[in-house]
Amino acid sequence: MSQKTNQKHILFRYGLITILILLFSGTISYKLFSTTVIHADDWNRKAMREMQRVDTILPERGEILSDDGSILATNLRFYTVRLDFRAERFMESRYREALDSIADSLAVHFPKRDKAAWYAHLQKPLNTDPAKRPRAFLVLNNLSFADLQLLRTFPFFNIKNPNRNGMTVESVLKRSNPYGDMARRSVGGVGQTAECAEIHGISGLEKALDSLLYGVPGIAKKIPLTKNIVNWTDIPPTPGYSLRTTIDINLQDIVENELNRVLDSCSADWGCAILMEVKTGDIKAISNLERNADGTDYIEALNYAVVGFEPGSVVKPISMMIALEDGLVSNLEEMIPIGSSWAYAGGRPITDSHYNSALRVREVIEQSSNIGMARIITRGYDKNPKAFVERLRSIGFLDPMHTGIAGERTPYFNPEPSRVDLSRMCYGYASQIPPIYTLSIYNAIANGGKYVRPRLVSGLHTENFDSVIPVSYIRERICSEENARKMQYMLRQVVWGDHGTGRSLKSDKVALAGKTGTCYSVDPATRQYNTARKRLAFCGFFPADNPKYSCMVLTFYPKRNMFGAASTSGQVMRNIALKMYSRGMLDNASDYTAGAGESHRAMLYGSTDANRHKSIRKAAGITQEVHPATPRKMPSGTVPSVRGLGIRDAIVALEKAGFNVAVTGSGYVRSQLPAEGTLATPGTRVTLALAP
């Protein structure tokens, strides 16, 4: 009985299994019939849609190069290494045996962790349930190809079968800057935006010239092969252009270091420096530094070169140039009444930082007189202040420059200015001017009046294409050559004149010309001018008598040691010029051998430059002027003047006249005792006080 019962149970099971197999087979048959007959059209339409789907092939982004071809930004492939602890044939026992060796190798070559930390990190997945171990455990990321190859030589990682060691490698192209933070804000960065998931430029040149750098995407379509449907490149992508910039790596290094040094010395909030070649407008270096959030050092900052600020007194030479061109002044010896203040058009009286009863026209820039500049400009524009803004527009000063720097803004002046606005605009208030625009006018003055366009890009390059972008001009000329020489003279006197606001910047190696500028900034809390929060500027060119480079430096809110425009921003420019001179970058021989001092001075004030300076004086209407680096001749038996000379030249001049010399400080001669012209017998001691 039991045997028959067992047979029934077995037969029942076989029958049940048979029914299930038949049902399953029927389902498959139905699905097959449904797919190939009933819903064939639907599946065909889906297949056609898939076959017609077009994928975008991203192009390779172009490189950004310096003026000598050095790479400032390029595309590099980086790798991420992970371990799959649930790989089908993962060799756990071998992994455990090699764990100590792996940790040791990683600690030596990738010291982000020590050996103990690496060991704990790599062992952690083994402490979990095998069924829950990670399938993408991160080992290292951002590896170069060389690092990846090195990792493949380590114990366990050297197993070639990825199914045995669980090693997976992901790669991605990333934008890399080989020179780190150098000119970072000008070169710019890339990334995704809220509008687009693709990688595009988001700052600097990367953004401004993204359409050239990005290239043209390609198109891939789906095609059926024997075993699979694959992407087929229909239209290949076109790589982006590589851009050759005007940046000189050596000059960029000098500018960044000198700006950083002065900012650190005076504990300023931020600073900006731009160095430009006079003849071409090529921006050779540009640096923007701001104090790090932790207050320990300075890092690359917002590109202040293209942000508008009230410029302060550095705008006075622009106003004076217009006054010369418009005939508001012609005789530079004309006396302008100054006094303690000047009330104009019912506004708050205009004052100067120091008192003068009157100044010659040529001394208004030298001594930075607000009153003098306002009196001159209001001569011609008092009845129509708007015409002054239109005059600035006529020389191209308000035009977009298209330098290649992202975020570039044009100067802002009230299009309907009042008379009070006019009197303020002409000496640096009631306006917003980006530093690059101010520098462009000084560069034009140094260039004899030719208004060359500042630029950061000099050429484009691809595999089959190479072009050079020619020098261009905003205006062929913004002033006559004669008036440019007059302005060169006045800017030179700011440094070399007896009362120049930048006279502390004298150097017997490189003669500077330029203008200081101080402007109070608005306190964000009170919305009022804060006299402590100063923007200090110096803009000019060098060498003064044969300009090769123009430069502008802006320093914001110094808090110690140095608080003047000359001692902060001016000192940055002076240091840049001297560093370039010491490296022979100003067409000079960079040697300091015996007698070199005389050859240096001959280079600066030799026959060519002396004749040039004479022509400047003649154009300015100055018949006689003692050269700042030449000892003044005094009657016999009196102490000669050596103010403004370097220590070597001063000692030679005094000892030649028969006097003994005592020196305090370093730099150039700031004062002397007894004073020049004092009657004194040979052998008298003359004490010289030197300052940088």
Donor-acceptor side-chain pairing of Ser458 and Thr246 below 3.5 angstrom: no

What pairs with Thr438 under side-chain hydrogen bond (donor to acceptor under 3.5 Å, both in side chains), at least two apart in sequence or on another chain? none

Might you work through the side chain to side chain contact (heavy atoms under 4.5 Å, CB included) test for Arg475 and Phe397, ending with a clear yes or no? CA-CA 9 Å; Arg475 295 290 187 274; Phe397 189 59; over 6 Å; no

Which heavy atom of Arg244 sits nearest to which heavy atom of Ser66, and what is that distance? CG-O, 3.5 Å

Starting at CD1 of Ile254, measure out to CZ of Arg583 and round the result to the nearest 0.5 Å. 4.0 Å

What are the two closest non-hydrogen atoms of Thr462 and Gly240, and how far apart are they? CG2-O, 4.2 Å

Those residues that, when tested against Arg175, pass side-chain hydrogen bond (donor to acceptor under 3.5 Å, both in side chains) (two or more places apart): Asn75, Glu206

Closest approach of Ala98 and Pro155, non-hydrogen atoms and distance? CB-CB, 4.1 Å

Distance col, row Leu289:CG vs Leu263:CG, nearest 0.5 angstrom, shows 6.0 Å

Sole candidate of Asp68, Asp248, Asp67 that passes salt bridge (Lys or Arg N to Asp or Glu O under 4.0 Å) when paired with Lys284: Asp67

Got a second to check how far Thr410's OG1 is from Ile433's CD1, nearest 0.5 Å? 11.0 Å

I'd like to check the side-chain hydrogen bond (donor to acceptor under 3.5 Å, both in side chains) partners of Asn257; sequence neighbours left out, ordered by chain and number. Asp253

For Ser440 and Met401, work out which heavy atoms get closest and say how close. OG-CE, 3.1 Å

Enter the distance from Cys272:SG to Met552:CE here, rounded to the nearest 0.5 Å. 8.0 Å

All pairs passing ring pair (Phe, Tyr, Trp, His ring centres under 6.0 Å) where residues 273-298 contributes a residue, at least two apart: none

Start with the C-alpha gap between Arg61 and Leu173, add the side-chain angles, then the distance that decides, and say whether side chain to side chain contact (heavy atoms under 4.5 Å, CB included) holds. CA-CA 10 Å; Arg61 193 171 182 84; Leu173 275 177; over 6 Å; no

Set of residues satisfying side-chain hydrogen bond (donor to acceptor under 3.5 Å, both in side chains) with respect to Thr245, sequence neighbours excluded: none

Start with the C-alpha distance between His461 and Leu65, add both sets of side-chain angles, then the distance that settles side chain to side chain contact (heavy atoms under 4.5 Å, CB included), and finish with yes or no. CA-CA 10 Å; His461 171 74; Leu65 311 173; 5.7 Å; no

Side-chain donor/acceptor of Lys559 to backbone N/O of Tyr557, under 3.5 Å: yes

Heavy-atom distance under 4.5 Å between the side chains of Ile274 and Pro435, does that happen here? yes

Output all residues satisfying ring pair (Phe, Tyr, Trp, His ring centres under 6.0 Å) with Phe413, sequence neighbours left out; order by chain, then residue number. none

Nearest 0.5 Å, please: how far is OG in Ser242 from CG in Leu213? 8.0 Å

Are Trp270 and Phe309 close enough that their ring centers fall under 6.0 Å? yes

Which donor-acceptor pairs under 3.5 Å do the side chains of residues 159-166 make with protein atoms, sequence neighbours left out?
{"unit_1": "Asn161", "atom_1": "OD1", "unit_2": "Asn163", "atom_2": "N", "d": "2.9"}
{"unit_1": "Asn163", "atom_1": "OD1", "unit_2": "Glu88", "atom_2": "N", "d": "3.4"}
{"unit_1": "Asn165", "atom_1": "OD1", "unit_2": "Met167", "atom_2": "N", "d": "3.0"}
{"unit_1": "Asn165", "atom_1": "ND2", "unit_2": "Phe156", "atom_2": "O", "d": "3.4"}
{"unit_1": "Asn165", "atom_1": "ND2", "unit_2": "Ile159", "atom_2": "O", "d": "2.9"}

Quick one, Lys174 and Val172 - any side-chain contact, counting heavy atoms below 4.5 Å? yes

For the residue pair Val389 and Leu398, establish whether any side-chain heavy-atom pair is separated by less than 4.5 Å. yes

Please check: side-chain N/O of Thr74 versus main-chain N/O of Glu63, any donor-acceptor pairing under 3.5 Å? no

Just checking Phe85 against Tyr95, ring centres under 6.0 Å apart? yes

Determine whether Ser287 and Leu275 make a side-chain contact, defined as any pair of heavy atoms from C-beta on separated by less than 4.5 Å. no

Can you check whether Ile102 reaches Trp118 side chain to side chain, under 4.5 Å on heavy atoms? no

If the condition is salt bridge (Lys or Arg N to Asp or Glu O under 4.0 Å), which residues does Asp282 pass it with, not counting sequence neighbours? Arg455

Smallest separation among heavy atoms of Thr128 and Pro125, with atom names: OG1-O, 2.7 Å

Pairing of Arg535 and Asp269 as salt bridge, 4.0 angstrom limit: no

How would you list all residue pairs meeting salt bridge (Lys or Arg N to Asp or Glu O under 4.0 Å) that involve residues 116-140, not counting sequence neighbours? Asp84-Arg135, Glu92-Arg133

Applying salt bridge (Lys or Arg N to Asp or Glu O under 4.0 Å) as the test, list every pair that has at least one member in residues 103-119; sequence neighbours left out. Asp100-Lys115

Would you say that Ser431 contacts Pro411 through its side chain, given a criterion of any heavy-atom pair below 4.5 Å between the two side chains? no

Is Val553 close to Val262 at the side-chain level, that is, under 4.5 Å between some pair of heavy atoms? no

Rounded to the nearest 0.5 Å, the SG atom of Cys551 sits from the CG atom of Asn443 at a distance of 11.0 Å

May I have the step-by-step check of side chain to side chain contact (heavy atoms under 4.5 Å, CB included) for Ser171 and Val169, ending in yes or no? CA-CA 7 Å; Ser171 69; Val169 179; 5.6 Å; no

Please check this pair: side chain of Tyr437 against backbone of Asp399, looking for a donor-acceptor N/O pair closer than 3.5 Å. yes

I'd like to check the salt bridge (Lys or Arg N to Asp or Glu O under 4.0 Å) partners of Arg261; sequence neighbours left out, ordered by chain and number. Glu258

Validation row: Pro59, Val216 side chains within 4.5 angstrom (heavy atoms): no

I need the minimum non-hydrogen distance between Val452 and Val278, along with the two atoms involved. CG1-O, 3.7 Å

Taking distance alone, no hydrogens or angles, what donor-acceptor pairs closer than 3.5 Å link side-chain atoms of residues 145-152 to residues at least two apart or in another chain?
{"unit_1": "Asp147", "atom_1": "OD2", "unit_2": "Ser144", "atom_2": "OG", "d": "3.2"}

